[in-house]
2 protein chains.
Amino acid sequence: MPSTVIEDYLKAIYELQTEYNGARVRTSQIADYLGVTAPTATSMFSTLESNGFVEYEKYNGAVLSEEGERVALRLVRNHRLLETYLTAEFGYRLSDVHDEADRLEHHISDRFAACLADELGDPTTDPHGAPIPTSSLDVPERPRGEKLSAFDEGETVVVLEVDDRDEELLEYLSSRQVVPETELTIESVAPFGMITVRPPGHDDSVSLPDDVARLVRGTSVMDSDGTHI
Amino acid sequence: MPSTVIEDYLKAIYELQTEYNGARVRTSQIADYLGVTAPTATSMFSTLESNGFVEYEKYNGAVLSEEGERVALRLVRNHRLLETYLTAEFGYRLSDVHDEADRLEHHISDRFAACLADELGDPTTDPHGAPIPTSSLDVPERPRGEKLSAFDEGETVVVLEVDDRDEELLEYLSSRQVVPETELTIESVAPFGMITVRPPGHDDSVSLPDDVARLVRGTSVMDSDGTHI
DNA sequence: ATTATTGATTAGCCTAATCTAATTCTAATG
DNA sequence: CATTAGAATTAGATTAGGCTAATCAATAAT
């Protein structure tokens, strides 16, 4: 059984690999992502390689092996089930679940995970809109939409997913209804990378700088004439 | 924040200290209890001392400091809340909860523990009959009874507590109703350290060797003439 | 084609937690 | 009170995971 540290690396590699459509993940990306130094990441990549969790080429990053992906997906499943359970059963807010889930994901048994899933009726997405891998570690296919920064003025967009890592950001977004399943109207897209949206029932609109808008994904439901696509 | 390893030592010291009415705990006891070698325990005792978790005298064991006890009690609380939750909400059996709780106790937040307690209605004992420390870490006073090995033939005893560490034993005992709150009749006490009890509704009686009977605690409810004490 | 810049790796060290082997202490016994 | 068995400690090594400083590779720019 891999250590929780190794698990963290594998999950991080998985997240980055997924974000960049399967591209090789470089040591520096992981160093950044996990907040370790570059040499630490390099040395861990060798360890992962020699344990069969990744295929690593010097100076050219790594990709997960099947086994590495299995480990990562189990963590992702645990994490997202925990997040769902915490919000559904214990009244955690969207912005509170990440840290708790990030610790516990390493330590719950498959049985515990199954209990959570069962209690929740085998959910396929977590409260941030991310897909929950099944117990056999298949990731449910699901439209992932586009980054919010990719839409045009006048479009109506339904939010599909919000990144779960930045607590303060989540607090900001969820207090303004920028959460999965709400419809947003794109009010304006400024050339300097600022997008303004209006949630339903809110008179105030919400302005998001580009790098924030990239953490929210949605899909267009109607064009500017009000007709469904 | 202490490492989970340090937490394990502190909890172990707490358990032994409690079992032996506050006596100093020696390195060898801990080595046994945690399955490490004697030098490892010795070296950890120094570490614990220099971190202010215990008062340690060479060749004379250690006692928990206030801070050490606080850490231990928090773990005990988490452990017992988890055990209670797992049996009450997820249908774990008495014999299944220990390992899961032993891992998770280190990683749940106080908030998570509070949610468990809340959901369970602030229970004061776990399913093995052990007291659950409150959120301010007071241990509810509760009659701890006597070891089963201390009773005489003919007595009727209500089980108060069963040790939670040996999975197989627990499975054996709980399949035969030797669990908290059942009344047992002491059928015989053999001189070579074997006690035989009969649970209600069981025609078969259960024989327990001395070292097993020491892990079950109970209190006498009536003497051999059938009168309550 | 050579050089500069950036990114990655190697070398060497540190701490926590463990071990085995050797030594030293304590307590009990004659 | 001297001896000795058993416990406890010290000495020294190992492994995992991290760091800094120094070196090396790959790419981009002259």
Side-chain angles (χ1 to χ4, degrees), chain A residues 1-14 16-17 19-20 23-64 67-68 71-72 75 102-103 105-107, chain B residues 1-14 16-17 19-20 23-64 67-68 71-72 75 102-103 105-107:
Chain A
M1 189 126 314
S3 70
T4 68
V5 174
I6 283 182
E7 287 186 339
D8 279 332
Y9 279 86
L10 294 176
K11 188 174 153 214
I13 293 171
Y14 175 83
L16 289 168
Q17 217 175 268
E19 185 169 346
Y20 296 109
R24 301 184 76 83
V25 177
R26 356 202 92 252
T27 53
S28 56
Q29 291 180 279
I30 289 297
D32 261 29
Y33 196 91
L34 294 179
V36 297
T37 59
T40 300
T42 297
S43 117
M44 185 52 89
F45 269 39
S46 304
T47 304
L48 296 177
E49 156 98 273
S50 63
N51 287 121
F53 293 126
V54 302
E55 276 149 43
Y56 167 48
E57 273 173 47
K58 268 188 202 168
Y59 296 101
N60 193 30
V63 280
L64 290 175
E67 175 61 11
V71 172
L75 288 170
D102 234 25
R103 272 177 286 111
E105 64 184 7
H106 299 287
H107 305 288
Chain B
M1 188 125 314
S3 70
T4 68
V5 173
I6 284 183
E7 287 185 340
D8 279 332
Y9 279 87
L10 293 176
K11 187 175 154 213
I13 294 171
Y14 174 82
L16 288 168
Q17 216 174 269
E19 185 168 347
Y20 297 109
R24 301 184 75 83
V25 176
R26 359 202 87 251
T27 52
S28 56
Q29 292 179 278
I30 289 297
D32 262 30
Y33 196 91
L34 294 180
V36 297
T37 61
T40 301
T42 296
S43 117
M44 185 52 87
F45 270 39
S46 305
T47 304
L48 296 177
E49 157 98 275
S50 64
N51 287 120
F53 293 126
V54 302
E55 276 149 42
Y56 168 49
E57 273 173 47
K58 269 188 203 167
Y59 297 100
N60 192 31
V63 280
L64 290 175
E67 175 62 11
V71 172
L75 288 170
D102 234 25
R103 272 177 286 113
E105 64 185 8
H106 300 287
H107 305 288

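Computed from a predicted structure; not experimentally measured. Chain naming here is simple, since letters A, B, ... match the order of the sequence lines and numbering starts at 1 in each.
Within the 4.5 Å cutoff, the side chain of L10(B) has no heavy atoms near those of the L75(B) side chain. Counting only heavy atoms from C-beta outward, the side chains of M44(B) and V36(B) never approach each other to under 4.5 Å. Counting heavy atoms from C-beta on, the side chains of D102(A) and K11(A) come closer than 4.5 Å.
Place E57(A) and V5(B) on DNA chain C by their nearest nucleotides, and E57(A) ends up nearer the 5' end.
Taking atom CG of N60(A) as the reference point, atom C1' of dT27(D) lies 13 Å away to the nearest angstrom. Following rounding to the nearest Å, I30(B) (CD1) and dT9(D) (C1') show an atom-to-atom distance of 17 Å. Separating the CZ atom of F45(B) from the C1' atom of dT18(C) is a distance of 16 Å, rounded to the nearest angstrom. Computed from coordinates, the Q29(A) CD to dA8(C) P distance equals 8 Å when rounded to whole Å. With rounding to whole Å, M44(A) atom CE is found 5 Å from dG17(D) atom P. N51(A) has its CG atom 13 Å from the C1' atom of dG17(D), to the nearest Å. Per the geometry, NZ belonging to K58(A) stands 14 Å off P belonging to dA8(C), to the nearest Å. Atom CG in L10(A) sits roughly 15 Å away from atom C1' in dG17(D) (whole-Å rounding).
OP1 or OP2 of dT9(D) sits under 4.0 Å from a side-chain N or O of T27(B). A sub-4.0 Å separation between OP1 or OP2 of dC19(C) and a side-chain N or O of T37(B) is present. Note on S28(A): every side-chain N or O is 4.0 Å or more away from OP1 and OP2 of dG7(C). The phosphate of dT9(D) (OP1 or OP2) has a side-chain N or O of Y56(B) nearer than 4.0 angstrom. Residue R26(B) places none of its side-chain N or O atoms closer than 4.0 Å to OP1 or OP2 of dA7(D). Side-chain nitrogen and oxygen atoms of T40(B) include none within less than 4.0 Å of the OP1 or OP2 phosphate oxygen of dT18(C).
Using a 4.0 Å heavy-atom cutoff across all strands shown, Y9(B) reaches sugar-phosphate atoms only and no base atom. Among the atoms of the strands shown, only primed sugar atoms or phosphate atoms (P, OP1, OP2) are found under 4.0 Å from some heavy atom of S3(A).
Considering only the side chain of Y59(B), dA8(D) comes nearest among dC24(D), dT18(C), dA8(D).
Residue pairs meeting the salt bridge (Lys or Arg N to Asp or Glu O under 4.0 Å) criterion with at least one partner in residues 25-54 of chain B, sequence neighbours excluded, do not occur; the list is empty.
Ring-plane geometry between H107(B) and H107(A) is classed as parallel, the angle between the planes falling under 30 degrees on a 0 to 90 degree scale with a further cut at 60.
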